[in-house]
Chemist: 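Quick one: the structure is below, and I'll ask about it shortly.
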Amino acid sequence: MTPSKDQILWMYRNMVTSRRFEEIIEEIYMEGKTPAFNMANGPIPGEMHLSNGQEPVAVGVCAHLNADDIVTATHRPHHQAIAKGVNLNKMAAEIFGKSSGFSGGRGGHMHIFDPDVNFACSGIVAQGCGPACGAALSRQMQNKPGVAVSFLGEGAVNQGAFHEAMNLAALWKLPVIFVVEDNAWGISVSKEASTAVPRNDVRAAAYGMPGHFIENNDPYAIFDVAGEAIKRAREGGGPSLIEIETYRLAGHFMGDAEGYRPEGEKEALIEKDPIPAMRARILSDGTASAAELDAIETESQSKVNEAIAFARQSELAADTDALTSVFAA
Amino acid sequence: MTPSKDQILWMYRNMVTSRRFEEIIEEIYMEGKTPAFNMANGPIPGEMHLSNGQEPVAVGVCAHLNADDIVTATHRPHHQAIAKGVNLNKMAAEIFGKSSGFSGGRGGHMHIFDPDVNFACSGIVAQGCGPACGAALSRQMQNKPGVAVSFLGEGAVNQGAFHEAMNLAALWKLPVIFVVEDNAWGISVSKEASTAVPRNDVRAAAYGMPGHFIENNDPYAIFDVAGEAIKRAREGGGPSLIEIETYRLAGHFMGDAEGYRPEGEKEALIEKDPIPAMRARILSDGTASAAELDAIETESQSKVNEAIAFARQSELAADTDALTSVFAA
Amino acid sequence: MSSNGTNERKLTIARAMAESIQQEMQINERVFVMGEDIGELGGVFGNTRGLLEEFGKSRIRDTPISETAFISAAVGAAQDGMRPVVELMFADFFGVCFDAIYNLMAKNIYFSGGGVSVPMVLMTSTGGGYSDGGQHSQCLYGSFAHLPGMKVVSPSNAFDAKGLMTAAMRDDSPVVYMFHKGLQGMGWLGTEAGATVNTPESDYTVEIGKAKVLREGTDVTLVGLAMGVHNALKAADQLAKEDVSAEVIDLVSLVPLDRETIINSVAKTGRLIVVDEDYQSYGVSGEIITTVCEHDISKLKAAPKRVAYPDVPIPFARNMEQFCLPNPDKIVAAYQAMV
Amino acid sequence: MSSNGTNERKLTIARAMAESIQQEMQINERVFVMGEDIGELGGVFGNTRGLLEEFGKSRIRDTPISETAFISAAVGAAQDGMRPVVELMFADFFGVCFDAIYNLMAKNIYFSGGGVSVPMVLMTSTGGGYSDGGQHSQCLYGSFAHLPGMKVVSPSNAFDAKGLMTAAMRDDSPVVYMFHKGLQGMGWLGTEAGATVNTPESDYTVEIGKAKVLREGTDVTLVGLAMGVHNALKAADQLAKEDVSAEVIDLVSLVPLDRETIINSVAKTGRLIVVDEDYQSYGVSGEIITTVCEHDISKLKAAPKRVAYPDVPIPFARNMEQFCLPNPDKIVAAYQAMV
Ligand SMILES: Cc1ncc(C[n+]2csc(CCOP(=O)(O)OP(=O)(O)O)c2C)c(N)n1
Ligand SMILES: Cc1ncc(C[n+]2csc(CCOP(=O)(O)OP(=O)(O)O)c2C)c(N)n1
Ligand SMILES: [Mg+2]
Ligand SMILES: [Mg+2]
């Protein structure tokens with residue numbers, strides 16, 4: 001599938017929004033954490049997994065989804081959340097642990113839930129595979145439209161939960177797509193050191209499911225392949241597995257010294273940063289003008305600024321709110 | 001690989017021993033359980049999973065193993081145990097829950113451990129996959145000979161533990177063989193209703209591992225394929241996956257009414273009972289005479305009788321032994 | 001599936017569970033069932049018998065042996081508006097799928113601040129006594145009840161079994177429904193006759209979080225759940241012959257725990273014995289005793305006691321297993337050692 | 001890896017653990033380490049730092065994110081004569097691999113009647129306080145201690161950390177070694193200074209199953225482990241200012257549990273407060289209180305109390321999490337409510 005101009009600009013916009021969002025989160029995260037880096041401190045405590053470099057995966061896939069569709073995301077969820085259209089203000093507030101966040105600060109950055117757009121994520125690798133199947137099953141049983149996308153990392157593919165869900169999805173022909181973000185690392189362990197095969201698309205055959213591998217972190221190629229797979233799923237053709245080569249431009253989490261990365265690797269990836277690359281492509285093939293792109297970037301920045309301001313200004317939840325929402329109201 | 005006459009007769013002998021053993025266990029199991037079938041009663045209480053019909057798998061594989069090699073077996077372990085050469089007297093005693101059993105009756109039929117021949121089993125499906133990898137790793141690290149075989153059922157292949165172990169074994173090139181006994185059923189659920197692919201050998205490719213499928217429950221073919229795989233593993237060539245079509249001639253466990261089996265299925269399988277088939281083949285191709293086979297059968301029967309007598313005559317453990325052996329002495 | 005009488009109809013727990021699910025499925029098309037061997041076989045322990053015939057394969061789904069997949073799928077379906085009932089065949093198998101249970105099912109309501117609800121029932125069998133060995137005989141009540149976010153119930157009789165199942169299916173939070181194999185009324189597992197009781201034909205609920213005083217007494221409070229209740233009732237009969245008046249409490253629910261009923265009873269009797277088939281340490285028995293002691297020790301006439309499963313894996317051999325299991329004699333002896 | 005002094009050398013728990021493993025690997029070639037990020041990275045929590053450089057990739061093995069596979073592989077290797085040390089990065093992840101832990105590692109000695117031994121150490125991080133959210137902050141002490149067949153220890157300081165690790169590696173039974181992130185001495189997790197203490201350079205063992213009286217007192221017994229010990233010690237300091245003399249017990253080991261030391265202390269003080277960062281119900285706090293109460297209630301001058309984590313998932317927001325965590329003030333308040 002080839003993206004229309006609107007779709008291309010939609011993808012670009014969401015990549016930029018995600019990047020701008022994370023840039024500012026990165027900055028604020030360090031508040032209160034210098035000179036001594038202590039995760040517990042600052043306006044955004046806890047772990048922080050940035051997704052910069054991985055935006056093409058999120059936008060290439062989510063370009064084909066609407067609010068009714070389901071996404072289960074990972075511990076590195078911002079780009080996926082933004083591309084799925086979650087409420088950015090509430091997400092920012094959640095990351096700050098404020099009462100105006102999705103869960104009022106109970107969840108935090110690894111537990112973003114926006115029921116309005118059927119978005120969820122979690123901190124256990126591969127934990128989203130099963131719920132994606134279940135949501136897809138719900139639609140299948142009710143004869144309601146909707147495709148579920150389970151994002152996971154290439155490291156997570158070696159978790160038993162992935163295997164079980166793949167089999168279940170294929171067996172029941174569920175409308176679910178497993179999207180593997182291959183950023184080459186699971187924390188400090190390389191794909192080579194963790195996975196017996198160089199590419200996980202070959203694992204699709206173990207379930208009689210189509211498998212795809214996309215090189216070079218290319219949003220157009222991702223759009224194409226994901227589009228076909230999602231269309232197929234919508235038409236009752238069942239699940240697919242898509243592995244996408246992408247780039248982790250930062251550490252596993254903030255504070256990661258990354259001593260395990262081969263020299264020069266990161267610099268080389270930064271050279272291939274997908275956002276400037278996409279901008280260049282859009283300009284060079286004439287899809288849009290620099291002015292159009294500048295406008296998008298400005299809009300993204302102000303949307304992000306607004307979200308951050310919203311989060312900053314929001315109140316903390318009451319301490320005692322910790323004790324509520326354990327069970328459904 | 002083609003079995004020698006000795007190997008053929010070894011296989012036949014062990015198939016017969018396993019069958020005779022289970023025939024008598026079956027009989028004794030029903031003692032105290034009629035007219036009302038209550039698992040808790042009789043000299044052999046608890047669940048009883050018989051393996052009759054599945055003997056070719058055990059002998060075809062274990063013909064290539066010696067006492068140093070490792071087997072992790074399933075909840076249906078008798079044929080595997082016998083082919084691995086466990087002490088039959090102690091196994092019988094264990095099944096009777098007697099003090100002279102391997103664990104003094106703490107384990108029972110699903111937990112047969114014979115450390116002398118490196119045999120273990122367990123009641124959780126696919127639980128043996130990881131320990132087989134670990135034992136193989138132990139040998140690899142110590143540069144000691146030894147191959148580990150993990151038996152599992154075709155139903156167990158859909159358990160996450162299988163996937164994780166397959167990847168680990170392939171990644172670390174461990175001398176381990178995964179042998180899937182495909183008896184077409186996981187309790188009442190057919191392979192078709194549980195598995196997205198008709199044959200699990202295709203799943204080997206997901207780990208870059210050789211995969212084999214053997215039809216017709218044929219001990220010669222199993223001997224051949226398993227022999228090659230085990231040889232390869234011994235030579236440092238890494239793991240293999242072998243799925244074997246075999247026949248469950250009885251219920252999942254004793255007491256199973258088997259209402260879920262299609263009419264005639266079981267009768268057709270009994271027609272293909274591998275023991276008379278092997279006998280006929282041995283005779284027809286002139287490998288051995290009827291007298292030789294009769295002698296083997298007689299020997300097997302008396303070995304079994306002896307084991308059962310040993311078990312019957314043994315004492316129960318003291319009640320208070322329940323409280324010991326929780327930790328290593 | 002049901003006979004004609006209304007209040008004079010005895011059902012086994014297995015049939016009571018199946019009837020509850022059947023009736024709820026008839027009135028709520030969002031309810032469906034997943035698990036191993038719950039279709040054609042009707043559940044290894046009989047509690048889904050007849051459902052496949054009535055509701056078909058889409059709503060009564062046999063699954064692969066993939067507990068993590070189908071339990072976490074149930075969570076996803078529940079969040080999407082369905083009301084799944086899933087079966088973990090034996091509680092003993094929780095180790096292969098506990099992440100899906102305690103980290104996902106139990107926490108998504110909290111993580112979403114109530115933004116999603118997780119209306120699902122996880123039913124699972126517990127208990128030993130029939131020599132099924134150490135991976136098929138555990139109760140593990142404490143393992144489930146210790147972790148926040150899931151309600152945990154366990155019926156001792158068919159009346160409660162039906163009402164609790166209906167309540168669980170109507171609850172918007174996840175409910176773990178633990179049924180003891182020895183109470184199911186399946187002959188092949190042995191049967192505790194006291195579990196098969198009159199069970200109304202029409203649907204009704206039994207409140208989750210409310211204990212029941214099954215027998216009133218003045219000298220000692222016996223607290224248990226599931227099989228423990230029957231042991232306690234039998235012990236109470238024995239004690240009565242010695243003119244000791246025992247009050248018997250059926251906890252019914254571990255989460256929420258009805259601490260008040262326990263405290264009130266012990267305030268009256270002054271003595272407490274907890275009967276628990278789960279492992280003794282760090283579990284149910286300690287929690288019940290602590291509930292009473294942290295409230296008010298002045299009411300206690302003697303140190304409280306527990307008759308629980310010792311801290312050892314469950315042995316296969318009948319004599320060893322029976323030696324470890326709670327029974328009425330041990331309860332009576334515990335009482336005698338108190339006075 | 002080690003400095004020169006012998007008894008005046010302060011180590012963090014992270015370094016003490018690494019040193020213990022290093023020394024044991026030097027003298028026992030059967031010892032090896034497996035886990036996620038334990039090689040090049042030296043463990044997310046620093047406790048395997050330096051080992052890869054000294055021992056190489058065969059004995060210091062980074063694994064795939066396959067906890068079931070590598071933990072059950074450790075069991076297989078242990079049964080085959082090796083002595084693996086495996087890391088489950090966060091205790092919170094136990095749900096994906098608990099079968100391998102509680103049903104396999106913990107039971108094979110029993111199932112084999114002692115025919116095999118399972119000499120392995122499962123080390124895992126616990127605890128919150130730094131806003132890591134509800135799937136990365138749990139203690140789960142009770143979840144491990146409740147199930148038979150595994151020893152369970154948790155050090156509160158580097159001296160014990162080293163000695164317990166050495167003892168664990170020399171034990172022929174499986175030992176679960178739970179280390180609290182807030183005590184590791186990793187600055188990025190915050191650091192409890194009291195955990196970084198003098199640690200002998202040469203190897204030694206600390207007995208598994210023996211509690212330690214860290215501070216003697218006469219008015220109240222404060223019982224805790226890991227971070228709880230530090231909260232108790234601080235509370236004892238505060239209480240001392242009010243002329244209250246608190247005895248502080250560091251459990252060190254949950255299985256075996258040194259019930260005698262607790263009972264003896266409470267017999268002296270007459271008052272008991274248990275400090276526990278694990279969920280309150282059905283866990284450690286109940287077991288400790290019950291241990292005392294079932295022994296002899298006549299020694300108690302007041303109802304025992306617990307300062308434990310409430311029965312809710314762990315919230316991310318700092319204020320909510322801190323509200324839930326045990327702290328010295330809560331302990332002092334508990335004491336004041338007792339007298
Ligand atoms: C079951 C489980 N094991 C381990 C972890 C710890 N952990 C968090 S992220 C991570 C690496 C994941 O790698 P990958 O799946 O490739 O995702 P990425 O971080 O590269 O996006 C690990 C090991 C976890 N969260 N869950
Ligand atoms: C993790 C787990 N889930 C479920 C079970 C219950 N169970 C025991 S045997 C069995 C069927 C196994 O089928 P298969 O692997 O094909 O082996 P077979 O019984 O046919 O030999 C099931 C579901 C179990 N023991 N462990
Ligand atoms: Mg990755
Ligand atoms: Mg089978």
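Proteins get letters first, then strands, A, B, ... in listed order; numbering begins at 1 in each.
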Chemist: Check whether A:Ser122 gets within reach of chain D through its side chain, its backbone, both or neither, counting any heavy atom under 4.5 Å.
Modeler: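 Backbone plus side chain of A:Ser122, per the 4.5 Å heavy-atom cut-off to chain D.
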Chemist: Residue by residue, which of residues 307-317 of chain A have a heavy atom closer than 4.5 Å to a heavy atom belonging to chain D?
Modeler: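 Expected list: A:Leu316, A:Ala317.
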Chemist: Out of A:Ala126, A:Gly160, A:Gly107, which one racks up the most heavy-atom pairs below 4.5 Å with chain D?
Modeler: A:Gly107
Chemist: Who wins among A:Gly105, A:Ser103, A:Ala161, A:Gly108 for the most heavy-atom pairs under 4.5 Å with chain D?
Modeler: A:Gly105
Chemist: Calculate, to the nearest 0.5 Å, the distance between atoms CG and CD belonging to A:Asn158 and D:Glu67 respectively.
Modeler: 10.5 Å
Chemist: Between A:Thr195 and chain D, with a heavy-atom cut-off of 4.5 Å, which part of the residue counts as in contact: side chain, backbone, both or neither?
Modeler: neither
Chemist: Shorter than 4.5 Å, heavy atoms on both sides: which option in A:Lys191, A:Lys98, A:Gln159 has the most such pairs with chain D?
Modeler: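 Winner by heavy-atom pair count: A:Gln159.
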Chemist: To the nearest 0.5 Å, what is the distance between CE (A:Met39) and CE (D:Met186)?
Modeler: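 That separation rounds to 10.0 Å.
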Chemist: As an exercise: rank D:Gly128, D:Gly187, D:Gly133 by heavy-atom pairs under 4.5 Å with chain A and give me the winner.
Modeler: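 The residue among D:Gly128, D:Gly187, D:Gly133 with the greatest pair count is D:Gly187.
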Chemist: Under 4.5 Å heavy-atom distance to chain D, tell me which part of A:Glu94 shows up: side chain, backbone, both or neither.
Modeler: backbone
Chemist: Would you compute the distance between atom CD1 of A:Ile187 and atom CD of D:Glu40 and round it to the nearest 0.5 angstrom?
Modeler: 14.0 Å
Chemist: For A:Ala318, which atoms come within 4.5 Å of any heavy atom of chain D: side chain, backbone, both, or neither?
Modeler: backbone
Chemist: Can you measure from CD (A:Glu154) to CD1 (D:Ile65) and round to the nearest 0.5 angstrom?
Modeler: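 It comes to 7.5 Å.
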Chemist: Below 4.5 Å from any heavy atom of chain A, which atoms of D:Thr63 appear? Answer side chain, backbone, both or neither.
Modeler: backbone
Chemist: Around atom CD of A:Glu192, are there more than 12 heavy atoms from other residues, nucleotides or ligands closer than 6.0 Å?
Modeler: no
Chemist: Quick one: pull up CD in A:Glu47 and CZ in D:Phe316 and give me the separation to the nearest 0.5 Å.
Modeler: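 So the gap between those two atoms works out to 10.5 Å.
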Chemist: Does atom NZ of A:Lys84 have more than 12 heavy-atom neighbours, drawn from other residues, nucleotides or ligands, at distances under 6.0 Å?
Modeler: yes
Chemist: Just so I understand: if I count every heavy-atom pair under 4.5 Å between each of A:Leu323, A:Thr324, A:Val326 and chain D, which residue has the most?
Modeler: A:Leu323
Chemist: Going through the distances and angles, do D:Val44 and A:Ser188 end up as a side chain to side chain contact (heavy atoms under 4.5 Å, CB included)?
Modeler: CA-CA 9 Å; D:Val44 173; A:Ser188 72; over 6 Å; no
Chemist: Compare every heavy atom of A:Ala322 with every heavy atom of D:Phe323, then report the nearest pair and how far apart it is.
Modeler: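 Of all heavy-atom pairs spanning D:Phe323 and A:Ala322, the closest is CD2-CB, 4.3 Å.
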Chemist: For chain A, which of D:Ser131, D:Ala69, D:Gly95, D:Pro315 has the most heavy-atom pairs under 4.5 Å?
Modeler: D:Ser131
Chemist: Examine whether an atom of A:Met110 lies under 4.5 Å from a heavy atom of chain D, and if so say whether it belongs to the side chain, the backbone or both; otherwise answer neither.
Modeler: side chain
Chemist: Of the listed residues (D:Val312, D:Asp132, D:Asp37), which shares the most heavy-atom pairs with chain A below a 4.5 Å separation?
Modeler: D:Asp37
Chemist: For the residue pair D:Arg318 and A:Asn41, what are the closest heavy atoms and their distance?
Modeler: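 Here D:Arg318 and A:Asn41 meet closest at NH2-C, 3.4 Å.
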Chemist: Run the numbers on A:Val189 and D:Glu36 for side chain to side chain contact (heavy atoms under 4.5 Å, CB included), then give the verdict.
Modeler: CA-CA 8 Å; A:Val189 181; D:Glu36 293 153 20; 5.6 Å; no
Chemist: Where do D:Gly190 and A:Asn38 come nearest, in terms of heavy atoms and distance?
Modeler: CA-ND2, 3.3 Å
